Amino acid sequence: MSVAARPLAATIEIAAPAEAVWAVVSDVRRTGEWSPECRKVLARGPVSEGSRIVGLNRRGLIVWPTTAKVVRCEPGKAIAWRVTENGTTWSYELEPSATGTRLTERREASAGVTRLSATFTAALLGGNDEHSDELEQGMRAGLATIKQIVEARQPGHAGTW
């Protein structure tokens with residue numbers, strides 16, 4: 001049985017080509033650099049569709065692992081993974097824009113979240129609506145950090161490589 005969960009999304013414009021943005025977001029092991037909740041991602045070998053990944057999450061003193069399977073991996077366009085424990089799908093989608101690349105992060109739960117996940121969130125993370133608000137704020141903050149990382153590496157920027 002599942003519990004309804006609203007979809008979450010945040011978008012940002014990045015002054016860089018999609019290849020530069022893709023190089024950052026497709027390296028899921030770097031997620032801890034920008035995510036306020038997912039502190040580390042473990043993956044064996046190159047990540048592609050079908051890959052299994054483990055996320056280590058933390059909020060305050062509460063720490064929990066998640067497992068996921070990459071369900072979409074289109075270089076330069078999109079990467080998505082489905083979390084086993086709660087049934088949500090997280091994704092990054094890239095599309096060309098007038099200023100470079102539009103990056104959108106989403107959390108979708110078309111079938112809702114698992115009852116276990118809803119109970120865990122209600123008991124330890126402040127409730128499902130409150131946690132969704134927090135996740136959405138974290139998505140915006142994470143995208144801003146990704147923007148800084150990518151744009152700092154663009155030619156002509158003070159932090160070029």
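What's counted below: heavy atoms across the whole structure, side chains too, no hydrogens, waters or symmetry copies. For clarity, every value in this text was computed on a predicted model and none was experimentally measured.
In this structure, Ala20 and Gln154 approach most closely via the heavy-atom pair CB-NE2, 3.5 Å. Across Arg82 and Val71, no two heavy atoms sit closer than the pair CB-CG1, 4.0 Å. Residues Gly138 and Pro36 approach most closely at CA-CG, 3.5 Å, considering heavy atoms. Nearest approach of Asp27 to Trp34, heavy atoms of both residues: O-CH2, 4.5 Å. The shortest heavy-atom contact between Pro75 and Cys73 is CD-O, 3.5 Å.
With contacts defined as side-chain heavy-atom distances shorter than 4.5 Å, the pair Glu85/Leu116 does not qualify. Side-chain atoms of Asn57 and Thr66, non-hydrogen and from C-beta on, do get closer than 4.5 Å to each other. By the 4.5 Å heavy-atom criterion applied to side chains, Ile79 and Val28 are counted as neighbours.
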Could you go step by step and tell me if Glu136 and Arg6 meet the salt bridge (Lys or Arg N to Asp or Glu O under 4.0 Å) rule? CA-CA 11 Å; Glu136 209 160 37; Arg6 76 177 195 264; 3.4 Å; yes
Test side-chain contact (heavy atoms from CB on, under 4.5 Å) applied to Glu105 and Val25, step by step: CA-CA 10 Å; Glu105 181 178 6; Val25 299; over 6 Å; no
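In this structure, CG in Leu143 is found 5.0 Å from CG in Leu103, a value given to the nearest 0.5 Å. The distance from the OG1 atom of Thr101 to the CG atom of Leu94 is 6.0 Å, given to the nearest 0.5 Å. Interatomic distance, Cys38 SG to Leu135 CG, rounded to the nearest 0.5 Å: 11.0 Å. Here the CD atom belonging to Glu151 is positioned 12.0 Å from the CD1 atom belonging to Ile146, to the nearest 0.5 angstrom. Considering CG of Leu56 and OG1 of Thr31, their distance stands at 11.0 Å, rounded to 0.5 Å. Atom CG of Leu42 is separated from atom CZ of Arg52 by 15.0 Å, given to the nearest 0.5 angstrom.
With sequence neighbours left out, the side chain to side chain contact (heavy atoms under 4.5 Å, CB included) criterion links Thr88 to Val83, Asn86, Trp90, Arg107, Ala109, Val113.
Judged by distance alone, with hydrogens and angles left aside, the side-chain atoms of Arg59 form a donor-acceptor pair with the main-chain N or O of Leu125 at under 3.5 Å. Counting only distance, with no hydrogens or angles, the side chain of Ser117 and the backbone of Thr114 share no donor-acceptor pair below 3.5 Å. Between the side chain of Ser35 and the backbone N or O of Gly32, no donor-acceptor pair lies under 3.5 Å. Put simply, the side chain of Arg58 never gets that close to the backbone of Glu37: no donor and acceptor are under 3.5 Å apart.
The existence of a salt bridge linking Glu93 and Arg72 is confirmed by a sub-4.0 Å separation between a basic side-chain nitrogen and an acidic carboxylate oxygen. Using a 4.0 Å cut-off between charged nitrogen and carboxylate oxygen, Glu33 and Lys40 do not count as a salt-bridge pair.
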Taking distance alone, no hydrogens or angles, what donor-acceptor pairs closer than 3.5 Å link side-chain atoms of residues 7-19 to residues at least two apart or in another chain?
unit_1 : atom_1 : unit_2 : atom_2 : d
Thr11  : OG1    : Thr104 : OG1    : 2.9
Glu13  : OE1    : Ser97  : OG     : 2.6
Glu13  : OE1    : Thr99  : OG1    : 3.2
Glu13  : OE2    : Arg102 : NE     : 2.8
Glu13  : OE2    : Arg102 : NH2    : 3.2

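Side-chain rings of Tyr92 and Trp22 stay apart, their centers remaining 6.0 Å or farther from each other.
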